[in-house]
Amino acid sequence: MSAVTTTTTAAGATTAVTPLAATVENPQVHRRRRLSPGKRLPATRFLGPALLLALWAAASAAGQLDPGAIPAPWTVLETGVHLWTDGTLPTDILTSLQRAGSGFAIGLAAGIALALASGLSRTGEALIDGSVQLNRAIPTLGLIPLFILWLGIGETFKIAIIAIVVYIPIYLNTHAALSGIDSRFVELAEVQGLSRYAFIRRIVIPGALPGFFVGLRLGVTGSWLGLVVLEQINATSGLGYMMFQAQNYGQTDVILVGLVVYGIFGLISDSAVRLIERRVLSWRRTLSS
């Protein structure tokens, strides 16, 4: 063990000095334990689906799956190519995208507007929040018969149901983020004499964005989930209609084609929202970043 040397100051005080060798002898003293998840790996979100696809292919090749119940991946791919070349799949995909996009846009606008009105005003909260919570407690798909009576059995009721499915998570998460803004920031804004517009731009929006993006991801997923059911009701095109017709004829491969397309669109849309979130909230230092 290295000895501790002493030095005497001009005032006569004695100070103990630990030599560098003592630090080198015990490097564990200054080593920090790493607790973060580590560096983000590229394209990790596609690793899970790729693994499921590999297991599916292996089980099909080994004869462990009934081809009539779960066709092999190459059979589903062949069916998808056939549906694409004869023009059925592109038409159904375009119709589904139009329905999902229209309902999502309406739900997004409604969710943001209601969350801001409720989160920034006690009067707005008293008028809006209770109604939204009541709507949330009612199964949205259970409103389908009522909306058919109100709006008819055409496209309007489908878009309205998708909008409801989308706006609820966006409202809930954005409103929760607004309510969770630290009151000290509000007091600081009042002390600084910020206007209402400056307060919303510099305090409210940055504070609500994390919760908003959580609701946005749930809303994007909800639009696809609602579309699966809605396109089986008085529809003549769309992925859900294609799957419903395939069910009547026992075409399992066509049903799986529709599910795969739904899954791909859901994964791509969610990844797009996450990418936008990372860009917009690049100032945050979080575990995911």
Side-chain angles (χ1 to χ4, degrees), residues 37-101 103-104 141 158 162 165-166 169 213-214 216-233 235-278 287-289:
K39 186 178 179 180
R40 179 184 294 274
L41 300 176
T44 52
R45 291 178 58 80
F46 299 97
L47 181 61
L51 179 60
L52 290 177
L53 180 60
L55 293 175
W56 178 18
S60 298
Q64 299 298 317
L65 298 178
D66 181 9
I70 305 179
W74 44 87
T75 303
V76 175
L77 179 61
E78 182 181 354
T79 302
V81 172
H82 174 71
L83 291 173
W84 183 272
T85 53
D86 68 6
T88 301
L89 192 57
T91 302
D92 290 334
I93 289 177
L94 182 60
T95 302
S96 295
L97 286 175
Q98 290 175 345
R99 288 174 180 148
F104 178 79
L141 296 181
K158 298 182 178 67
I162 293 174
V165 173
V166 170
F213 277 110
V214 174
L216 187 62
R217 292 179 61 192
L218 295 174
V220 169
T221 305
S223 65
W224 292 111
L225 294 177
L227 194 64
V228 177
V229 178
L230 293 170
E231 288 189 328
Q232 298 181 21
I233 302 174
T236 57
S237 61
L239 292 172
Y241 170 78
M242 181 188 72
M243 295 167 60
F244 181 70
Q245 293 296 107
Q247 173 193 347
N248 294 333
Y249 293 100
Q251 298 172 320
T252 312
D253 52 344
V254 177
I255 296 176
L256 286 177
V257 168
L259 292 176
V260 169
V261 173
Y262 273 127
I264 291 175
F265 279 133
L267 184 61
I268 291 176
S269 57
D270 183 73
S271 299
V273 173
R274 288 171 64 92
L275 178 61
I276 296 172
E277 179 183 10
R278 285 199 298 268
L287 288 178
S288 63
S289 60

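All residue numbers refer to positions in the sequence shown, counting from 1. This one's a predicted model, so the numbers in the text were calculated from it and none came from an experiment.
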So do [Y] and [X] actually touch side chain to side chain, heavy atoms under 4.5 Å?
X      : Y      : answer
Ile93  : Trp84  : yes
Val254 : Leu83  : yes
Leu230 : Ile162 : yes
Thr75  : Pro67  : no
Glu78  : Trp74  : no

Value rounded to 0.5 Å, distance of [atom1] in [X] from [atom2] in [Y]:
X      : Y      : atom1 : atom2 : result
Met242 : Gln251 : CE    : CD    : 9.5 Å
Leu227 : Thr95  : CG    : OG1   : 10.0 Å
Ile268 : Leu275 : CD1   : CG    : 13.0 Å
Phe104 : Leu216 : CZ    : CG    : 4.5 Å
Gln232 : Met243 : CD    : CE    : 6.5 Å
Ile70  : Trp56  : CD1   : CH2   : 8.0 Å

Next item on the list: Using the six-membered ring wherever Trp is involved, compare the ring planes of Phe265 and Trp224 and label them parallel, tilted or perpendicular (cut-offs 30° and 60°).
Entry: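 Parallel, since the angle between the ring planes stays under 30°.
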Shortest non-hydrogen contact between [X] and [Y], atoms and distance:
X      : Y      : value
Gly80  : Leu89  : O-CD2, 3.9 Å
Ala69  : Thr252 : O-CG2, 2.9 Å
Ser96  : Gly238 : OG-CA, 3.5 Å
Ser237 : Arg99  : O-NH1, 3.0 Å
Ser60  : Pro71  : OG-O, 4.4 Å
Gly219 : Val166 : O-CG2, 3.5 Å

Next item on the list: Output yes when a side-chain donor or acceptor of Glu231 lies under 3.5 Å from a complementary backbone atom of Leu239, and no otherwise.
Entry: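 Side chain of Glu231 to backbone of Leu239: a pair is present.
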Check: Is there a donor-acceptor pair under 3.5 Å between the side chain of Ser223 and the backbone N or O of Val220?
Finding: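 It does hold such a pair.
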